[in-house]
Protein chains: 2
Amino acid sequence: MDGGVKKAGVTSSQVAEHAGVSQSAVSRTFTPGASISSKTRQKVLASAKVLGYRPNAIARSLITNRSRIIAVVMAYLENLFYPDVLEELGRALAAENYHLLLFTGFMDRDSDPVFDQLMQYRVDGIILASTSLSSELSEECASAGIPVVLFNRTTERDAVSSVTTRNREGGKRIAEFLVAGGHKSFGYIAGLENSSTNRDRHQGYVEGLAGHGITEIAYEVGNYSRPEAEAAARMMFSRPDRPEALFVANDHMAVAVMDVARYEFGLKIPEDISIVGYDDVGPAVWRSYGITSMSQPVKRMVESTVDILMDQITSGEIEAEHRIHNGELVVRSSARHPETGIVEADGRKIFRPKDV
Amino acid sequence: MDGGVKKAGVTSSQVAEHAGVSQSAVSRTFTPGASISSKTRQKVLASAKVLGYRPNAIARSLITNRSRIIAVVMAYLENLFYPDVLEELGRALAAENYHLLLFTGFMDRDSDPVFDQLMQYRVDGIILASTSLSSELSEECASAGIPVVLFNRTTERDAVSSVTTRNREGGKRIAEFLVAGGHKSFGYIAGLENSSTNRDRHQGYVEGLAGHGITEIAYEVGNYSRPEAEAAARMMFSRPDRPEALFVANDHMAVAVMDVARYEFGLKIPEDISIVGYDDVGPAVWRSYGITSMSQPVKRMVESTVDILMDQITSGEIEAEHRIHNGELVVRSSARHPETGIVEADGRKIFRPKDV
DNA sequence: CTGAAAGCGCTTACAG
DNA sequence: CTGAAAGCGCTTACAG
């Protein structure tokens, strides 16, 4: 009965003694690429097994100055896009033998304490995947010599690496789609107004519509939050000039907007109103919603993110890099279809106008 | 231009030199409760600020034998219940000054490599919040002297701490509700058949129905996966003896089942079929689904989990503890309402039969 | 309250 | 290929 007492944890010295070799030999056995004879190695491995030895990653970190830990800051996970990203990150980092220290659940912009924690753990890299964290934080990290990648956002100054999709082109594509669908009046429900994703998507939408001589766009703000999106939708649908076509800045909000449209205003989708979203995530795919939505290729975005990090960690060079991926406008049933421009690809319907 | 070069990181010795005190004094300044004069403390703090010093948590861990890291193993995040839990855990652990090392994105039962990682980082505690991990793993951890809490599941032998809700009572309550609603035929769509949640919910359901002389229950398996739940629903709805009332083992599956019912079989909910779920999470609340569902009090469950962990860490005693919370059957529109037993509480409709 | 010193469990030149 | 030794950046008795 040794239950209840925390085992001391067996050390390399104990293994060394048991195997009749030096502590160095034990260390080399567990260091890939270290020079060690197979015979010694076998002896060590055998003893390690008997004693239940595992190298202490903490001690290793201290001396190598590498923690093999990547911090991921993700303020909220309600939007299924983020859990998706997180799962993919878990996979990708594990494949590189890195671990994921998650910072989530604080809902503020007060990121200084977070930063402090990151620094104390000497993380090897940082992924900022939340739209509501300060740009300062990221630059602070970068200037501390820790590789940082912004996921799905950028900062004004582009001193920090980022991975995004062509949000402006996405907004524009959506405008083209809605115009091609024969809609006459347009609206936009914004996300966080000072986020780069919202800014770019909105700008592209405005430009796209302007290209067809349309300059009036009904506008409400949902701040990427479900309740706020509902409120925005109520405002939008109460307008005397309720638009025929609505671009909602992400799917998380679009779902809420559709529910308000159907169950509070009795609107039929897409007969009474066409709705297009962004992210192509979770509920967007479900039959109840079937949202026509710009996709963001999560898997490739995550790959790029980890790529940049690994590059910077191994090279020691921190040079800002910006990887921009392409999305597709996946066509489902939440918006009227245009007569042309819809093609089949990978079993999905995609909007690809000829002139693009 | 020092960009590109990883800064060495300033140490306590450097701060000591700068402040003209011993390295011990610096350490004491950053150790809450250590005996240090306010004067020395101020000097140290000033120097630390100038130099940008932060204690190295890795070095601290090595000597204190406390990493202040809790590992959370959560195989998949698709079911919004888990991101919810994760966010809450992030908050609760941060409040205790602990950090969250997340293991996710591997979709198998092969948890041995995970275990190895956990051990190498000398985590202070482990939360197992995924239904697909082996019971072995958890006992292995426990026997290694690391506090482990199973979240939302139990094992046969109850040597490992757990936090759950009364799943059997929940299943029973659902049976009572459906019987009270006047349904005559019943079905069940199971989650992972060997998971404790599924076993208990199913058992309670069966017992509850048996109490009313009902022993025939149409049965399909959805394994807590969306595509499998869809397949199960198709089987269920194709039966000549399609049940009037269906209990789906969690909301994640219930959403999929509702979509299949409505859009593939043209069934009206709840007119043609009543559906009840479990978890009371995310989409359950949305108007498109409005699922009548047993709630699991995530916040309180998380509090209990962190509580148990903190107790065991500080006391050094690892004694299995089982906390069981109560849920409520939250009544919405996915199932026919009984004439009596529905009460209002906290602005929600709850099913609470008198004789319970 | 303060400092000198030992030591946490490793990695890695260095010399053989 | 191997071992003795230094050292990573801290905490914490110990003595004053």
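So you know, we letter chains A, B, ... as the sequences are listed, proteins then strands, and number each from 1.
Look at R300(A) and E303(A) and you find no salt bridge, because none of the NZ, NE, NH1 or NH2 atoms lies under 4.0 Å from a carboxylate O.
Note: CD (E17(A)) to C1' (dG9(C)) measures 15 Å, nearest angstrom. The nearest whole Å value for the distance from the CZ atom in R54(B) to the P atom in dG9(D) is 16 Å. Spacing between atom CD1 of I63(B) and atom P of dC10(C) amounts to 14 Å, rounded to whole angstrom units. The nearest whole Å value for the distance from the CZ atom in R66(A) to the P atom in dG9(D) is 14 Å. Here the P atom of nucleotide dC10(D) and the CG atom of L62(B) are 12 Å apart, to the nearest Å. Rounded to whole Å, atom P of dC10(D) lies 17 Å from atom CZ of R68(B). For Q120(A) and dT11(D), the CD to P distance is 10 Å, given to the nearest whole Å. The distance from atom CZ of R60(A) to atom P of dC10(C) is 9 Å, rounded to the nearest whole Å.
Across all their heavy atoms, I313(A) and P147(A) have their closest contact at CG1-CG, 4.0 Å. Residue I69(B) comes nearest to Y98(B) through the heavy atom pair N-CD2, 4.0 Å, listed as atom of the first residue, atom of the second, then distance.
Proximity of S22(B) to the phosphate of dT2(C): no side-chain N or O atom is located under 4.0 Å from OP1 or OP2. For Y121(A) and dG9(D), the shortest distance from a side-chain N or O to OP1 or OP2 is not below 4.0 Å.
The backbone N or O of E96(A) lies less than 3.5 Å from a partner atom in the side chain of R68(A), making a donor-acceptor pair. Remark: side-chain polar atoms of N79(B) are not paired, donor with acceptor, to backbone N or O of Y82(B) under 3.5 angstrom.
With I127(A) as the fixed residue, the side-chain contact (heavy atoms from CB on, under 4.5 Å) test singles out one of L89(A), V148(A), V73(A): L89(A).
Separation of the Y53(A) and F30(A) ring centroids falls under the 6.0 Å cut-off.
Among residue pairs with one or both ends in residues 36-46 of chain A, those qualifying as side chain to side chain donor-acceptor pair (under 3.5 Å) are S37(A)-T40(A); sequence neighbours excluded.
Looking at residues 23-43 of chain B, you'll see S24(B), A25(B), R28(B), S35(B), I36(B), S37(B), T40(B) sit with a heavy atom under 4.0 Å from some atom of DNA chain C.
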Q. Given pairs defined as Watson-Crick or G-U wobble with both distances under 3.5 Å, what dot-bracket annotation applies to DNA chain C, with ( ) intrastrand, [ ] crossing, | other strand and . unpaired?
A. |||.||||||||.|||
Q) Please walk me through it: do F151(B) and T164(B) pass side-chain contact (heavy atoms from CB on, under 4.5 Å)? A) CA-CA 6 Å; F151(B) 188 95; T164(B) 53; over 6 Å; no
